Amino acid sequence: MSFLEYAPAPESRAILSLRDRYGLFIDGEFVDGRGTPFQTISPATEEHIATIANANEADVADAVAAARRAYDRTWSRMSGRDRGKYLFRIARLVQERSRELAVAESLDNGKPIKESRDVDVPLVAAWFFYYAGWADKLDHAGLGGDPRSLGVAAQVIPWNFPLLMLAWKIAPALAAGNTVVLKPAETTPLTALIFAEILQQAELPPGVVNIITGAGDTGAALVAHDGVDKVAFTGSTAVGRAIAKQIAGTDKRVTLELGGKAANIVFDDAPMDQAIEGIVNGIFFNQGHVCCAGSRLLVQENIHDEVVERLKLRLATLRLGDPLDKNTDIGAINSKEQLERIHELSEIGVAEGADRWSAPCEIPENGFWYAPTIFTNVQTSSRIARDEIFGPVLSVLTFRTPAEAIAKANNTPYGLSAGIWTDKGSRILAVADQLRAGVVWANTFNRFDPASPFGGYKESGYGREGGRHGLAAYLAPAATVGRGGAQFSTGRGGAQRRLETGAAAAPADLDTASERPTRSTETAAKPARRTRRTAKPAKKGAAK
Amino acid sequence: MSRLAVPKTYKLYIGGAFPRSESGRTYEVVSASGAFLANAAKASRKDARDAVVAARAAVSGWGGATAYNRGQVLYRIAELLEGRRAQFIAEIEEAEGVTRAVASAQVDESIDRWVWYAGWADKFAQVAGNANPVAGPYFNISVPEPTGVVAIVVPQDSSLLGFVSAVAPALVAGNSVVAVASERFPLSAISLAEVLATSDVPKGVVNVLTGSPAEIAPWLASHADVNALDLVGAGDLDWISLEIEAADTLKRVLRPEQGPDAAAPALGRISAFTETKTVWHTKSLR
Amino acid sequence: MPAPISAGTSLVTARERALAVLGGESDDATLRRYLHGIAGVDAVGLEQRAAALGTRSIKTTSKKWALDRIISLIDLTTLEGADTPGKVRSLVAKALNADPADATTPRVAAVCVYGDMVPSAVDALGAAHGDPDDGGIAVAAVATAFPSGRASLDIKLADTAEAVAAGADEIDMVIDRGAFLAGRYGLVFDQIAAVKEACRRPDGTSASLKVILETGELMTYDNVRRASWLSILAGGDFIKTSTGKVQPAATLPVTLLMLEVVRDWHLMTGQRIGVKPAGGIRASKDAIKYLVTVAETAGEEWLQPHLFRFGASSLLNDVLLQRQKITSGHYSGADYVTID
């Protein structure tokens, strides 16, 4: 027998007790949605998992109103110490139910259980632990003494790390004293709904977190809602751009974590075996459904052939298949639409003259799959070197000097992340200085930690999540809080001001968002109209 | 009164174990009304020496653990303390002669301080450290690191809160601690040691000595393998002499604080027992 | 990476092969240039990769295969100052009949003893003494002033020759770690090459040479990688992590690194070198992680006695307990496996 064919080692689904139907989680309870319910399926088998409620505009309004009530009556008045205790509870409950969450995540998303078990869910718990500790330490957040929360945060997250993105959004928002309406991606709502059950176990006051499910139009309605003070979006640059336009002229503050086309730069003195692992991890982690994936391998020309050869040998050992098998390295592509996009760009790569090589692996009959693929002979002008593929596809380019590597790495509208592989410390730091990217990994890749800020330059978005910066994104300095006047108190440029300040805490005497005279009807209505026009890309596009 | 109680023997806490004093000595602990409560161990200079050895051995593991891990362990202390809340309230009521409400408040505040300091573990360096924009082709960053072994004379006028308020901050950055408990109210400190022993705190990270601070403190102040000395509860001792002793090996010293809010929660109590390390590294493309 | 040389080149001696690879003499300076020119190791990445390999879940049929394969790759070892002929006979009996209750139990690859115990081992094995690839049990002897290696070359060579003459099939030598750390790579090379010569028998055949790096004393991964290359260049048939007398002994990251070296050597020369982690591997669960690491790094063909061994003693009984669990369906206990 072949030992390497390891017998199946499936993680048991018995740990899951899923419901047939999930409602919207509004004001601490599950309620029916008024839109047409939709199915969530396993991308590995295309089997139905559960029926999910669909929030229409009225449901969105209910959720925002619930969040507003909770903000005014409970959460904004609660001590930081107590807010922190709720977050610690949530962290502990996530740890206690971690295996269940991991299984649900792999089932719904298609990612390998070893990733959901060893990366996603532990980071979720870590995120809540980290921000739990901040809740009573806001004076140290870097905004001066007694900073204030913003109000109601509308959070729209993608399907690639469903629960982790939820944690990145909810933990700092609650720690800072905001309340939340969160919309998970249409294809991956499951863990967010289990998370809602965790919130019930934690006895979080009703309305502090509301989770509404639906497609892009639900997200667009949420972002556009007049009662929202802060928008946090992770997903595609196209949708991010639409949101930025939509909220233009309002007081809403916004954080956007968008697409990427990261360069992973390998110098000829790199620790070779670790670089190969780093390249593999950089692009094939989570099937390449990673906004910060190292999708452009920039390798020094004098080691190009060796690196490609070693990479192919290594990729041949990757195991593609059942996401719930503990030995699976590459799971399923999250959706049919995404798979089609990967196929399309891959064909363009071939048409443009690049050489395609795919790892030899058996593709299961049902479900959505794409074998790990490398393109060599790729030029900087190729579509596969410029467009975010968001799949297990690596484009290999070469460079001759550090300056050329930097120039090529920066030659993209994106700027989320980058990797550097070399044994030479001074080169790491100098290259890192010149890369226009929000996260730079040296001799490692795809590392995340709640203490470490994450976010992009250029069209990869703005704002940071994680660390102190991630906390500050949900706070305003004490002095600048106040209706309207905030805009003129910081002395910043207009564009900056819109992004950095703007939001105002709501007065306690008003219960619902719709009653808030924050903005003139006219300015509030305009972006809302634009919302509907730009809503389309949000569907499925909510991918980081 | 239907059942005869089984009283607890209160011993020292050194290196994760609960030994009696090597000297064989005990002293009588009495309640506020003068009733006998227990015979607490009366630690000797050799017990103090053993405690320092245990603390030193624990420094690399505790200081070397990730900040996230330390935070989790400190939070775990709060969880276990919450579970034994009733025990501590009863102990404090009896020892200090205070009302249940006052004792409860002391226990609750003690739990919450563990939580507060637990939260600092993975944030403290973000507040106390920084990148330094030096004028040259250098990467330059300053980070706080633990000082090492911290000897603490805890506040003497409370059973639990003073002990927690002094010990918790020293642990945040990764120091290990030799704590001299309140001479008059030592029992809760030993009960807390039972919590520490079962809450993932590695052995030797916290060591608790009961007995006479006046007798033990000079040995700790002069001990060459102690890096820092917190005299917060040493106001009634000849603390100036202790500070002079400590100066022989240039120990970091915190001076006595008086009143009910001695050792109040503060970032300064963490940073007092850290060293700032600045790292320079060249930057060049060539 | 060094420039490849063709696999077909006929290289008679280790020295000739080494000189071809080095492109120069095997002196300190040339070896230093070569060994320090090999790509460095990033320790964090190496350890993460090892940890990831350690999360493979080996179940059912794969587990049964793995347990049997582990047994067949064990060098059952006794290396105590208190060893006696009686102890060695007991060890050999265990090697021959690991689980008296289950005749399907495979035999271990070899017994590993001190040089002066080789006659006792050969005698006790009798007809079973032979090549493990052919179902026999080999006799391995530690030599060259094991474990410290602190003796003159003459004594190391005599130590080796005596064990070979007494019937040892395999020699587990230690390198001079002092010389290695002092940068005297030429001396280390020459000693290994000389010991290799001392492994020759009068009939022209040769005992297999395992070179112990004692990675716990080399400390850095870069050192382990260089010592691995040096040992292979000098003619070692196997590279082995540890004597078992120094902590840490075998670790998964160190073994992974050594497997990467033999993989690269094979890519470069076509020759397969063996790897032997030794010391500290006591549980089946851990041993399975090593099998996974071998299979996913050097390749599954390395999981044969002439290319991979475990230097272990207590591991065998833990594997037997796991085997019994699979066979019977319930957990077994220490009283149901024999001690040697």
Side-chain angles (χ1 to χ4, degrees), chain A residues 1-11 112-115 117-119 266-282 285 302-303 305-307 309-310 313-314 316-319 324-329 419-425 428 441-447, chain C residues 1-4 36-70 221-222 225 253 256-261 263-264 266-268 288 291-304 308:
Chain A
M1 66 167 282
S2 166
F3 177 60
L4 268 174
E5 274 170 27
Y6 309 140
E11 182 66 57
I113 184 75
K114 72 168 189 184
E115 290 179 10
R117 179 196 65 199
D118 297 344
V119 181
V266 181
F267 290 97
D268 63 1
D269 66 342
M272 184 56 67
D273 285 297
Q274 289 73 51
I276 297 293
E277 288 308 313
I279 295 164
V280 171
N281 175 48
F285 174 63
N302 60 353
I303 55 165
D305 294 354
E306 184 192 345
V307 167
E309 257 339 283
R310 284 171 176 271
L313 285 174
R314 177 68 179 86
T317 69
L318 290 179
R319 308 164 61 83
L324 287 176
D325 191 303
K326 292 174 222 171
N327 292 323
T328 292
D329 300 313
I420 306 169
W421 297 83
T422 169
D423 246 11
K424 193 159 179 165
I428 289 173
W441 288 291
N443 292 336
T444 190
F445 209 93
N446 274 346
R447 296 289 145 199
Chain C
M1 284 306 301
H36 288 249
I38 296 169
V41 182
D42 184 80
V44 174
L46 176 72
E47 289 170 4
Q48 279 167 352
R49 172 69 177 143
L53 287 164
T55 67
R56 288 294 195 210
S57 180
I58 305 304
K59 298 288 182 204
T60 57
T61 51
S62 293
K63 185 170 185 183
K64 174 125 182 47
W65 184 91
L67 292 173
D68 280 3
R69 186 51 56 117
I70 290 165
Y221 291 124
D222 282 330
R225 171 165 282 196
L256 167 61
L257 176 57
M258 290 164 66
L259 285 160
E260 288 169 353
V261 174
R263 175 204 62 200
D264 289 349
H266 176 244
L267 285 173
M268 189 167 91
I288 289 173
L291 293 194
V292 166
T293 303
V294 173
E296 298 205 20
T297 306
E300 203 173 334
E301 67 266 32
W302 251 263
L303 292 176
Q304 303 178 57
F308 192 77

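Below, each value reflects all heavy atoms present in this structure, side chains not excepted, and no hydrogens, waters or symmetry copies. Throughout, a chain's letter reflects where its sequence line sits, starting with A, and its residues are numbered from 1. The structure presented is a predicted model; accordingly, all values stated were derived computationally and were not measured.
- Interface remark: C/Glu296 contributes backbone and side-chain atoms alike to the contact with chain A (heavy atom separation under 4.5 Å).
- Put simply, the side chain of C/Asp42 never gets that close to the backbone of A/Gln274: no donor and acceptor are under 3.5 Å apart.
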Under the side chain to side chain contact (heavy atoms under 4.5 Å, CB included) criterion, do C/Asp264 and A/Arg310 qualify, and how do the steps go? CA-CA 10 Å; C/Asp264 289 349; A/Arg310 284 171 176 271; 3.1 Å; yes
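- Judged as a salt bridge (charged side-chain N to carboxylate O under 4.0 Å, His left out), and not counting sequence neighbours, A/Asp325 has no contacts.
- Considering only heavy atoms from C-beta on, C/Arg56 stays 4.5 Å or farther from A/Lys326 through its side chain.
- C/Ser57 contributes atom OG, which lies 11.0 Å from atom CD1 of A/Ile113 (distance to the nearest 0.5 angstrom).
- Each of C/Leu257, C/Val292, C/Leu291, C/Thr55 has some count of heavy-atom pairs under 4.5 Å with chain A, and the biggest count is that of C/Val292.
- No side-chain heavy atom of C/Glu300 sits less than 4.5 Å from a side-chain heavy atom of A/Glu5.
- Using a 4.5 Å cut-off between heavy atoms, A/Asp423 contacts chain C through its side chain alone, with no backbone atom that close.
- No side-chain heavy atom of A/Met272 sits under 4.5 Å from any side-chain heavy atom of C/Val41.
- Ranked by heavy-atom pairs under 4.5 Å with chain C, the list A/Asp273, A/Asn443, A/Thr317 is led by A/Asp273.
- If you measure heavy-atom distances from A/Asp118 to chain C, the contacts under 4.5 Å come from the side chain alone.
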Only distances under 3.5 Å count here; give the side-chain donor-acceptor pairs of residues 43-53 of chain C to other protein atoms, sequence neighbours excluded, each with its distance to 0.1 Å.
from	atom 1	to	atom 2	distance (Å)
C/Glu47	OE2	C/Tyr221	OH	2.6
C/Gln48	OE1	A/Arg447	NH2	3.2
C/Arg49	NE	A/Glu277	OE2	3.3

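- Per-residue heavy-atom pair counts under 4.5 Å with chain C were compared for A/Asn281, A/Ile303, A/Asp329, and the maximum is reached by A/Asp329.
- Note that the OH atom of A/Tyr6 and the OG1 atom of C/Thr60 stand 13.5 Å from one another [nearest 0.5 Å].
- If you measure heavy-atom distances from A/Ala270 to chain C, the contacts under 4.5 Å come from the backbone alone.
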